Amino acid sequence: MKFILNLLSLLLFTASLCSTYSRPLCHDNERIALLQFKLSFSINKSASSYPYAYPKTEFWKSTGNRSDCCSWVGIKCDKESGHVTTLDLSSSYLYGFITSNSTIFELIHLQTLNLAGNHFRYSIIPSEIGRLSNLRHLNFSMSVLFGEVPLEIFNLQELISLDLSNNALRMRGPNFKALSQSLIALEMIYLTGVNISSPIPEIFANLSSLTHIALEDCGLHDTFPKGIFFLPNLQLLNVGGNKNLVGNLPEFHNDSKLEKLLLGSTGFSGNVPASIGNLGLLTELDFSGSSFTGSVPYSLGKLTKLTIIDFSYNDFEGQIPNSLANLTQLEHLSIASCHLTGEIPSAIANLTKLTVLRLYRNMLQGLIPSSISQLENLNVLSLWGNNFASPLEFNLFFKLKQLQVLLLSDVDLIFPKAKHDNHSDPQLVSLGLKGCNLTQFPDFLHNQTRLGALTLSYNLIQGPLPIPSPPLSFYDLSHNALSGEIPTSICNATSLAAMDLEDNKLSGRIPPCLFKLSKTLSVLSLAQNNLQGTILDAFTSKCTLGVVNLRGNWLQGKVPRSITNCSSLKVLNLGYNLINDTFPSWLVALPALQALALGSNSLHGALPLELESGFPNLHFLDLSDNKLTGTLPFLNLHAMVAESDESQSSDVVLHTARTISGLIVQYTYCYSIETMYKGRKTSMELNIFTSLDFSNNKFVGKIPDSIVNLVGLQALNLSHNHLTGSIPQSLGDLSKLEVLDLSCNLLSREIPQQLKNLTFLVIFNVSYNHLTGPIPEGNQFNTFENDSFEGNLGLCGSPLLMKCGNSKVQSSPQQQSHCHDGEDEESLTLVDWIIISMGYISGVVVGVILGRIFTDQKHEWFIETFGRRPHHNRRRA
């Protein structure tokens with residue numbers, strides 16, 4: 001009987017187990033909530049950029065054997081209660097809005113919610129998120145969210161990880177402090193790209209559970225709390241991209257768990273301490289774009305787990321330490337644009353896993369070591385802008401079979417005379433050989449089938465223009481000696497996105513078919529050649545051009561109206577040609593235009609009314625050396641009315657990118673304005689951001705009072721006209737002004753004392769007018785010499801010999817002849833303004849993304865920069 005009772009008990013227990021595991025775990029209300037959540041979104045493949053994304057909700061079914069939501073993709077349930085505890089729909093192509101009545105907030109048992117990598121159409125995170133009080137992991141990263149982070153998130157006391165990165169979110173400073181006070185269980189916080197714009201609260205250093213801190217590009221400022229470096233469990237610290245976040249590195253302890261220390265593009269400064277060698281677990285170290293000084297510490301050689309070092313764009317000095325040869329796991333070494341001296345250590349050959357080596361823009365000397373050819377995994381090698389010894393055998397680089405990017409400059413290269421096996425050459429994606437004394441187009445390039453970017457500028461290459469073939473997208477042969485006509489076969493290069501042939505000896509007409517490439521080209525520079533004919537009115541309706549530079553040729557006719565099809569145009573430079581036209585007022589239809597140079601042509605007539613209110617983004621306007629007449633217009637150029645930010649430079653930057661052979665090649669065309677002042681005794685160059693040059697025309701009347709509206713103006717040249725009246729006192733309110741040239745006009749009365757307020761004024765010239773009275777004294781006026789004031793019979797005071805009160809001084813005929821019309825350029829003026837606007841120091845940046853290196857969910861970009869030196873060869877039309 002006892003046996004039978006035991007058997008019955010066992011059977012009942014087994015039946016109970018079967019019953020438990022056979023009943024569906026999913027609760028009906030949660031299944032319905034999930035299905036309604038699914039229906040609130042559409043599936044759009046463009047909503048997720050992750051390459052392995054797929055529509056997880058497509059596998060959710062409400063009927064049949066798949067109705068148990070606990071078995072659905074992305075869902076996990078509690079094994080005992082059956083409640084949904086995990087919802088992971090990351091990178092699921094979801095497209096739509098998250099609203100306050102979303103059924104997702106009915107899943108109150110959720111512990112993990114991951115909706116990263118979708119497109120929520122700039123939704124605001126609903127305050128109902130606070131209902132999910134059991135959440136331990138919340139991830140909304142890269143989901144196109146907008147607005148203020150709701151305070152209700154701070155009520156989620158169980159949160160261990162929070163990721164709101166890479167959205168358009170804000171978190172005010174007090175809320176940021178509240179987060180650090182409320183979420184004391186946090187171990188991982190990712191807020192990259194969230195606009196916080198506040199200091200990091202000191203209380204952060206008390207969150208001892210933190211293992212990962214990612215606060216990149218958050219607008220953080222003030223002093224970084226040093227205590228954060230010593231958090232006992234910290235593995236990742238990323239505060240990069242906060243330029244106003246300042247601090248110094250501490251003395252590191254040897255018990256630190258730090259694996260990634262990323263301080264790039266911050267205001268951190270001072271020396272890197274030798275104690276950094278105590279961080280034995282470090283795998284990534286990024287101090288790039290900061291203000292570190294001193295030497296690169298020898299103790300780095302102790303960090304044998306390092307895979308990435310980026311110290312670029314700092315103020316380091318001294319040599320590359322030999323100890324780096326110990327870092328045999330290193331894959332990426334970048335110490336570019338510092339002040340390193342000495343030679344590249346030959347022991348660099350020990351770094352056999354190295355894929356990226358960037359040492360450009362230093363002061364390195366000696367020969368590039370032949371041992372570099374042993375780096376068989378090297379993909380990117382950028383050594384340009386140093387002082388390496390010449391000559392250099394180019395064969396060295398043929399041994400690097402994995403090489404995809406090679407950038408050199410200012411090294412005399414020797415190519416093999418005997419033919420070698422071209423089939424074994426590395427297939428490059430980007431090649432730059434700037435200033436390497438090349439006299440011909442290298443033969444090995446004809447076998448490069450993957451080349452996307454080619455820069456051979458500042459060489460001595462002669463002969464006809466080589467025709468690029470696909471997939472070449474960025475083609476720079478500027479500053480060479482190419483000759484002959486531009487062949488029509490250039491128009492077969494339909495893959496071109498940028499072509500720079502500036503400063504060669506090309507002649508003939510611009511091929512008509514070249515204008516058809518305007519639907520794919522972003523940059524077209526044919527400046528400083530001998531091209532003739534007219535500029536055809538043939539820019540396509542889908543024009544993508546951002547830069548058109550035809551300066552310094554022999555082009556005639558009118559400015560083509562079809563150029564208004566190029567709605568993205570930032571730079572138009574047609575200066576120093578033979579264009580015979582009135583001012584092309586219809587250019588105001590180009591909303592993005594930042595720089596317009598039409599100087600040294602034959603423009604005539606009065607300036608139109610459109611100039612008074614058009615051109616919303618124009619910073620540079622050069623109309624000098626023409627035949628324009630009438631009065632100066634009322635000036636209200638919006639970009640000049642706004643005060644220029646100190647961080648702005650004289651560069652107009654255009655970015656474009658192409659995917660070539662699976663790699664993304666980025667091209668940045670940097671178009672600079674160089675303003676050169678030439679006097680009899682001085683010559684200087686300035687970086688000017690906003691500039692007006694109306695000199696050497698036939699303008700009459702007064703200087704308009706409206707010019708005071710241009711408070712961002714840095715350079716104003718109205719010289720060599722027929723302007724009358726007095727110098728407006730309001731010019732003294734243009735506080736940014738560095739250059740003011742009013743010479744060779746008919747201006748009268750005294751120099752306003754208010755001009756002493758122009759404390760940035762470097763160049764001032766009012767010579768050869770009819771000015772009288774005392775020259776202002778003090779501030780910048782104490783720095784100006786005689787030639788700034790001569791030719792004014794009534795002026796007195798320093799620096800002139802004429803003392804105020806002496807009426808016997810007379811001018812000589814020789815002095816008065818300086819401003820006569822019809823003189824040649826040499827005798828025209830004592831002050832020769834050259835707004836080398838837009839073209840002489842243009843620059844190229846070629847960037848390549850090699851796969852993906854994930855550093856706190858951030859893609860690493862390898863940017864290789866080619867600068868340009870001024871190349872003065874000014875030619876008058």
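Only heavy atoms go into these numbers, but all of them, side chains included; no hydrogens, no water, no symmetry mates. If you're wondering where the values come from, they're calculated on a predicted model, not measured in any experiment.
Between Thr724 and Val700, every side-chain heavy-atom pair lies at or beyond the 4.5 Å cut-off. You'll find the side chain of Phe694 reaches within 4.5 Å of the side chain of Phe699, heavy atoms only. Counting heavy atoms from C-beta on, the side chains of Glu148 and Arg172 come closer than 4.5 Å. Counting heavy atoms from C-beta on, the side chains of Leu718 and Leu723 come closer than 4.5 Å. Side-chain contact between Phe146 and Arg170: present, with at least one pair of heavy atoms (C-beta onward) separated by less than 4.5 Å. Contact check for Pro201 versus Phe176: side-chain heavy atoms found under the 4.5 Å cut-off. In this structure the side chain of Leu771 reaches within 4.5 angstrom of the side chain of Ile727, judged on heavy atoms. Put simply, the side chain of Asn271 reaches to within 4.5 Å of the side chain of Thr293, judged on heavy atoms.
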Item to complete: Step by step, work out the side-chain contact (heavy atoms from CB on, under 4.5 Å) result for Leu621 and Asp693.
Response: CA-CA 6 Å; Leu621 179 58; Asp693 190 350; over 6 Å; no
Practice prompt. Before giving the answer on side-chain contact (heavy atoms from CB on, under 4.5 Å), spell out for Ile763 and Leu740 the whole-Å C-alpha distance, their side-chain angles and the decisive distance to 0.1 Å.
Written response: CA-CA 6 Å; Ile763 297 168; Leu740 179 60; over 6 Å; no
Item to complete: With side-chain contact (heavy atoms from CB on, under 4.5 Å) as the test, would you mind laying out the steps for Leu737 and Leu713 before giving the verdict?
Response: CA-CA 6 Å; Leu737 211 59; Leu713 197 63; 4.2 Å; yes
Practice prompt. Test Leu593 against Leu596 for side-chain contact (heavy atoms from CB on, under 4.5 Å), laying out the working first.
Written response: CA-CA 7 Å; Leu593 197 64; Leu596 174 61; 4.1 Å; yes
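Within a 6.0 Å sphere centred on CD of Glu777, other residues, nucleotides and ligands contribute 12 heavy atoms or fewer. Within 6.0 Å of the NZ atom in Lys177, the count of heavy atoms belonging to other residues, nucleotides or ligands does not exceed 12.
With hydrogens and angles disregarded, a donor-acceptor distance shorter than 3.5 Å links the side chain of Asn248 to the backbone of Ser269. Not a single donor-acceptor pair under 3.5 Å links the side chain of Asp733 to the backbone N or O of Leu731. Without hydrogens or angle criteria, Thr690 side chain to Gly712 main chain gives a donor-acceptor distance under 3.5 Å. In this structure, the side chain of Asn573 does not engage the main chain of Leu550 through any donor-acceptor pair within 3.5 Å. In this structure, the side chain of Asn553 does not engage the main chain of Asn577 through any donor-acceptor pair within 3.5 Å. Under a 3.5 Å cut-off, the side chain of Asp741 and the backbone N or O of Ser743 do form a donor-acceptor pair. A donor-acceptor pair under 3.5 Å is absent between the side-chain atoms of Asn314 and the main chain of Phe316, judged by distance alone. The main-chain N or O of Gly778 is found under 3.5 Å from a side-chain atom of Asn782 such that the two form a donor-acceptor pair. Here the side chain of Asn175 pairs no donor or acceptor atom with the backbone of Gly173 at under 3.5 angstrom. In this structure, Ser290 contributes its side chain and Leu263 its backbone to a donor-acceptor pair below 3.5 Å.
Rounding to the nearest 0.5 angstrom, the gap separating the CG atom in Leu747 from the OG1 atom in Thr772 is 11.5 Å. Note that the CG atom of Asp500 and the CG atom of Asp503 stand 10.0 Å from one another [nearest 0.5 Å]. For the atom pair CG (Asn745) and CD1 (Ile703), the distance works out to 7.0 Å, reported to the nearest 0.5 Å. Put simply, OG1 on Thr759 and NZ on Lys736 are 9.5 Å apart, with the number rounded to the nearest 0.5 Å. Between the CG atom in Asn717 and the CG atom in Asn696 there is a gap of 8.0 Å [rounded to 0.5 Å]. Taking CG of Leu801 as the start and CG of Asn786 as the end, the distance is 6.0 Å to the nearest 0.5 Å.
Side-chain contact, His604 with Asn580: a donor N or O sits under 3.5 Å from an acceptor N or O. Checking Gln528 against Glu502 by side-chain atom types alone, no donor-acceptor pair falls below 3.5 Å.
Aromatic pair Phe268/Phe224: ring centres closer than 6.0 Å.
Applying the salt bridge (charged side-chain N to carboxylate O under 4.0 Å, His left out) test to every pair with at least one member in residues 577-588, sequence neighbours left out, gives these pairs: Lys558-Asp581.
Between Phe615 and Phe583, the angle of the ring planes goes over 60°, which puts this pair in the perpendicular group of the 30/60° scheme. Between Phe764 and Phe789, the ring-plane angle classifies as tilted under the 30° and 60° cut-offs.
The heavy-atom pair separating Phe539 from Leu545 by the smallest distance is CE2-CD1, 3.8 Å. In this structure, Pro591 and Pro616 approach most closely via the heavy-atom pair O-CG, 3.7 Å. The two residues Cys804 and Gly797 have their closest heavy-atom pair at SG-N, 3.8 Å. Summarising the geometry of Asn242 relative to Gly219, their closest heavy-atom pair is OD1-N, 2.9 Å, with the distance given to 0.1 Å. Of all heavy-atom pairs between Leu758 and Leu734, the closest is CD2-O, 3.1 Å. Taking all atoms of both residues into account, the shortest heavy-atom contact from Asp315 to His339 is OD1-NE2, 3.5 Å.
Screening Asn697, Leu628, Thr582 against Leu603 for a side-chain contact (heavy atoms from CB on, under 4.5 Å) leaves a single residue, Leu628.
Partners of Lys243 according to the salt bridge (Lys or Arg N to Asp or Glu O under 4.0 Å) rule, which considers only residues two or more places apart in sequence or in another chain, do not exist here.
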